[in-house]
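The block underneath contains the structure these notes are about, expressed in structure tokens.
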Amino acid sequence: MDCIFCKIINKEIPSFILREDDDFLVILDRFPASVGHTLIISKTHSEDIFSIDRGILKKAMPLALDVANKLRVLNFDGLNIVQNNRKAAGQTVFHFHMHLIPRWEGDSVPINFAGREVSVEELEELRDRIINA
Ligand code: 5GP
Ligand code: ZN
């Protein structure tokens, strides 16, 4: 399989490792959106959140918190945790991973989005569609 993250996990491609355990490899992003942009990568190959093992997924957020606490040495003002699923959502490497992106006031890293005005009726209809699915 031609997966860059599998190659990084198998140490066929070098990376800057911050932490490693049985389930995850934590590395610096090679093309960082901000200083300290970190990736938490599952060791098993699952394309995205829809196929990853739940037991592994359960360990992901506590690990993200531990790594985030380590990143505090960078004195960030804020931190985004981002996890993209499928091409339409911006996923480019189709192997489950989470981004930790340290943020500083005024850094204008393009993550934040503006909401649009919608009617109450639209939200009601949407709610019913989702909960009845
Ligand atoms: P995605 O867009 O799939 O959520 O994120 C993929 C991330 O992988 C991007 O932030 C990109 O910079 C990073 N990336 C791509 N190739 C490499 C690589 O060879 N090494 C590392 N460390 N990161 C990579
Ligand atoms: Zn993979």
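Excluded from the calculations below are hydrogen atoms, water molecules and symmetry mates; all remaining heavy atoms, backbone and side chain alike, are included.
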K59 bridged to D23 by N-O distance under 4.0 Å: yes
Please check if the side chain of S42 supplies one atom and the backbone of T44 the other of a donor-acceptor pair under 3.5 Å. yes
In Å and rounded to the nearest 0.5 Å, what is the NE2 to SG distance from H45 to C6? 5.5 Å
Test side chain to side chain contact (heavy atoms under 4.5 Å, CB included), reference L100, set L18, L65, T38, output is T38
Determine the minimum heavy-atom distance between I101 and A33, stating which atoms define it. CG2-CB, 4.4 Å
So that I can tick it off, tell me whether E124 and R129 are bridged by a salt bridge, with the cut-off set at under 4.0 angstrom between side-chain N and carboxylate O. no
Shared hydrophobic cluster, I52 / I41 (ILVMFWY, side-chain heavy atoms < 4.5 Å): no
Could you please spell out the steps behind the side chain to side chain donor-acceptor pair (under 3.5 Å) verdict for R127 and N132? CA-CA 8 Å; R127 176 199 58 203; N132 293 326; over 6 Å; no
I27 side chain reached by F16 side chain, heavy atoms, under 4.5 Å: no
Enter the distance from F94:CZ to I4:CD1 here, rounded to the nearest 0.5 Å. 13.0 Å
Tell me whether the count of non-hydrogen atoms from other residues, nucleotides or ligands lying under 6.0 Å of CD in E20 goes above 12. yes
Is V73 linked to V35 within one hydrophobic cluster, defined over Ile, Leu, Val, Met, Phe, Trp and Tyr using a side-chain heavy-atom separation of less than 4.5 Å? yes
Give a yes or no answer on whether the side chain of K43 reaches the backbone of D21 with a donor-acceptor pair at less than 3.5 Å. yes
Between CG on residue D22 and CZ on residue F24, distance to nearest 0.5 Å: 11.0 Å
Does F50 have R86 sitting over its ring (NZ/CZ under 6.0 Å from centre, angle to axis within 45°)? yes
Which atoms form the tightest heavy-atom contact between I49 and F96, and what is the distance? N-CD1, 3.8 Å
Taking V26 as the fixed residue, which of I40, I17, D66 is the one that meets the side chain to side chain contact (heavy atoms under 4.5 Å, CB included) rule? I40
Is the H95 to H97 ring centre distance short of 6.0 Å? no
L25 to S15 - nearest heavy-atom pair and separation: CD2-OG, 4.4 Å
Measure the CG-NZ distance between D53 and K58 for me, rounded to the nearest 0.5 Å. 9.5 Å
When you measure from the side chain of Q91 to the backbone N and O of E47, does any donor-acceptor pair fall under 3.5 Å? yes
Where V109 and S34 come nearest, the two heavy atoms and their spacing: CG2-CB, 4.2 Å
Hydrophobic cluster membership, with links at side-chain heavy-atom distances under 4.5 Å among I/L/V/M/F/W/Y: are L79 and L63 in one? yes
So, W104 side chain and N75 main chain: donor-acceptor pair closer than 3.5 Å or not? yes
Quick check: does any side chain N or O of N80 sit under 3.5 Å from a backbone N or O of V82, one acting as donor and the other as acceptor? no
Could you tell me which non-hydrogen atom of D107 sits nearest to which non-hydrogen atom of P102, and how far apart they are? OD2-O, 4.3 Å
Determine the minimum heavy-atom distance between A60 and M98, stating which atoms define it. CB-SD, 3.7 Å
Among I81, D29, I111, find the residue that satisfies the side chain to side chain contact (heavy atoms under 4.5 Å, CB included) test when tested with H99. D29
ILVMFWY network linking L28 to F76, side-chain heavy atoms under 4.5 angstrom: yes
